[in-house]
**Student:** 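Starting off with a structure, shown below.
From a predicted model like this one, the values you see are computed outputs, not experimental measurements.
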Amino acid sequence: MLFRSWGTLVNSLVAQNLDLYQMKGNPLSLLQNPAAQTDLRLHLTLPGLTTQGNLTTPLKDLWGNVGQQIQGLSAPNVGLASATDLEFLGLGAKRKNSYTWLQVGADVDATFHLDKDLVAFGFYGMKDANGVIDPNYLGDFSASELGLSAMGRITLGRQQKVNDKLRIGIAFQANRLLGGFRWDVNEWSLSSTQTPVGTNALTWNSDMQLSAFGLIADGAQLDSALDFPRYLVMGMVPAYWKMLRAQKNSYSMNLGLHYEPSNWLVLSAAVNGIPLSGGSKGGGVLNSRSLRWQSNFTYDGFSAGFSPQDTGTWAYYLTNLQSQVVDGFQIESAPAAVFYAPFTAHAAGYIKLTKNHQVGLHAAHVRRLAGVHQSLGLEYQGFLGRKLQLASSYRLHRWSGLTGASELSTVLQHRILPWTTFYWGTNLWLSTPGFQNGNLLLPGNFQSWQVTAGLNVTLFEKRYQEEKVAKKAAKKQVKAQKAVKTSEKG
């Protein structure tokens, strides 16, 4: 297909910090599981972000002779992807046995990959593994791609406490594409074949497409290939807000379950981003334009040892190349593209060590515009009252069918002002740069990075105050009983 699905990218990630899934004092856990037990009676979420990036392969797979290592990779390309979840404002409140909330945010995704054959060509040209030029070279560079997208969202959810053991939750989400940009490669190859007279014919084939979604008006006058980037960069601003208001929404639904069958066991599951009808789900993205480049040309008479001083040969080559490039561009409407909201599925089980400490396993599957990701984590959750909460995990990852490096991550939330909590977290504890003999080193397991930070205004359930008062009363009673016993002995 000329325009490949966003969900089949080689590298992938999840921007939502999975450590927040069971963090009772953080209202963002409701975005991962609308039935999450939060122990909140009121919250106001202030601006925050979670950003994560991933390399196609761990660094250890590139150590040594980088070019040879790249040629031996199981992944078809080399590059990185990043996903950022921006939280703007949100509000939630408890009423009897239910909790209702509203959250506004945006999901920003970016990918950039180069086919590993293209990277190897940059290192060695048409040389084989022995360093000898291959007269029958064939390079397929079609696994290259670039993508940028931003999608705004508004989520309205409600959680119901059925009884002391069961909570269920549901949320509906409206998503609107703020803008998207893609470079897709359907075909891109370079091949060399020997001719009967002992020289070579070098053949170039390409079928590429630059596409902008919601960024260039359908009525924009694009008369040449140069008009596409010029309008995208300089002529877009006046018309953008009009295009954004006219854009269609897509809709999705989140479902969650939280169940405590006993005093020591917690089970939970959630499915988020279930597509509903309407909007860009059906390919209805407006103001979509594309610039397509199809070319096929052959340079005959190429010799592996020809000299750049052979100006006649070079002049012919460049003239032919320029002619093919100019004639190969076509400006057209971009083909239909599906922009889904991020889809996530969670299943988790925890054992309570004490009332406020638990450990468990958390499995997650994520599909978003930046790719597909599965993980299995061993998690610890510590709820130390209103002032301090800690979540830590060790996770195994699988990125689009390829096993990734494991990681250790942590999220800490603590009270910094009355009713105001600050949360922050990272997975870089085992991936901190170091110096040795003046050289900068990174651990071989380094493949991804994640940073989470934000502010919330939170009021917890009154039971914490009641428990505090009860503890003080119990201590006073114990002291009083001791005093009575002492006086009786006296």
**Student:** If you draw a 6.0 Å radius around CG in Asn163, do more than 12 non-hydrogen atoms from other residues or ligands fall strictly inside?
**Tutor:** yes
**Student:** Let's go through Val104 and Phe88 carefully: what are the C-alpha distance in whole Å and the side-chain angles of both, what is the deciding distance for side chain to side chain contact (heavy atoms under 4.5 Å, CB included) to 0.1 Å, and is it a yes or a no?
**Tutor:** CA-CA 6 Å; Val104 180; Phe88 301 136; 4.0 Å; yes
**Student:** Report yes if some heavy atom in the side chain of Thr38 is under 4.5 Å from a heavy atom in the side chain of Arg167; otherwise report no.
**Tutor:** no
**Student:** Quiz question: by atom type and distance under 3.5 Å, do the side chains of Gln447 and Thr57 form a donor-acceptor pair?
**Tutor:** no
**Student:** Which pair of heavy atoms, one from Leu178 and one from Gly152, lies closest together, and at what distance?
**Tutor:** CG-N, 3.6 Å
**Student:** Give the intermediate values and the outcome of side chain to side chain contact (heavy atoms under 4.5 Å, CB included) for residues Trp188 and Asn186.
**Tutor:** CA-CA 7 Å; Trp188 186 11; Asn186 186 54; over 6 Å; no
**Student:** Does some side-chain heavy atom of Ser393 sit less than 4.5 Å from a side-chain heavy atom of Leu378?
**Tutor:** no
**Student:** May I ask you to test the His373-Arg398 pair for a side-chain heavy-atom distance under 4.5 Å?
**Tutor:** no
**Student:** Can you confirm whether Leu49 sits close enough to Thr452 that some side-chain heavy atom of one is under 4.5 Å from a side-chain heavy atom of the other?
**Tutor:** no
**Student:** Just by distance, do the side chain of Gln32 and the backbone of Asn17 share a donor-acceptor pair under 3.5 Å?
**Tutor:** yes
**Student:** Give a yes or no on whether the backbone of Ala143 and the side-chain of Asp115 come within a donor-acceptor separation of less than 3.5 Å.
**Tutor:** yes
**Student:** Between Asn26 and Gln413, do the side chains contain a donor N or O and an acceptor N or O under 3.5 Å apart?
**Tutor:** yes
**Student:** Identify each donor-acceptor pair in which a side-chain atom of residues 91-98 lies under 3.5 Å from a protein atom, sequence neighbours left out, and give them as a table.
**Tutor:**
from: Lys94; atom 1: NZ; to: Glu461; atom 2: OE2; distance (Å): 3.0
from: Ser98; atom 1: OG; to: Arg95; atom 2: O; distance (Å): 3.0
from: Ser98; atom 1: OG; to: Arg158; atom 2: NH2; distance (Å): 3.3

**Student:** Do Ile70 and Phe123 have side-chain heavy atoms sitting under 4.5 Å apart?
**Tutor:** yes
**Student:** Do Ser82 and Gln52 have side-chain N/O donor and acceptor atoms under 3.5 Å apart?
**Tutor:** no
**Student:** Using a 4.5 Å cut-off on heavy atoms from C-beta on, say whether the side chain of Ser149 contacts that of Phe181.
**Tutor:** no
**Student:** Test His43 against every option in Trp419, Trp101, Tyr99 by the ring pair (Phe, Tyr, Trp, His ring centres under 6.0 Å) rule and name the one that passes.
**Tutor:** Tyr99
**Student:** Between Tyr350 and His362, does the side chain to side chain contact (heavy atoms under 4.5 Å, CB included) criterion hold? Intermediate values first, please.
**Tutor:** CA-CA 8 Å; Tyr350 301 89; His362 176 193; 4.0 Å; yes
**Student:** Any side-chain heavy atom of Gln381 within less than 4.5 Å of one from Gln389?
**Tutor:** no
**Student:** Does a donor on one side chain sit under 3.5 Å from an acceptor on the other, for Ser268 and Tyr21?
**Tutor:** yes
**Student:** Which residues pass the side-chain hydrogen bond (donor to acceptor under 3.5 Å, both in side chains) test with Asp134, not counting sequence neighbours?
**Tutor:** none
**Student:** Can Gln22 and Glu379 be said to form a side-chain hydrogen bond (donor to acceptor under 3.5 Å, both in side chains), step by step?
**Tutor:** CA-CA 9 Å; Gln22 195 69 12; Glu379 296 182 346; over 6 Å; no
**Student:** Just jot down the salt bridge (charged side-chain N to carboxylate O under 4.0 Å, His left out) partners of Arg289, sequence neighbours excluded, or say none.
**Tutor:** none
**Student:** Under the rule for ring-ring contact (aromatic ring centres under 6.0 Å, His included), what residues qualify as partners of His258, not counting sequence neighbours?
**Tutor:** none
**Student:** List the residues meeting salt bridge (charged side-chain N to carboxylate O under 4.0 Å, His left out) with Asp107, not counting sequence neighbours, and say none if there are none.
**Tutor:** Arg153
**Student:** I need the single residue from Asn272, Thr155, Leu257, Val271 that forms a side-chain contact (heavy atoms from CB on, under 4.5 Å) with Pro34. Which is it?
**Tutor:** Asn272
**Student:** Answer yes if the side chains of Ser409 and Asp19 hold a donor-acceptor pair under 3.5 Å, and no otherwise.
**Tutor:** yes
**Student:** Could you check whether any side-chain N or O of Lys387 sits under 3.5 Å from a backbone N or O of His414, counting only pairs where one atom can act as donor and the other as acceptor?
**Tutor:** no
**Student:** Sequence neighbours left out, what passes ring-ring contact (aromatic ring centres under 6.0 Å, His included) with Phe112? Give chain and number order.
**Tutor:** none
**Student:** Where do Gly454 and Phe422 come nearest, in terms of heavy atoms and distance?
**Tutor:** O-CD1, 3.3 Å
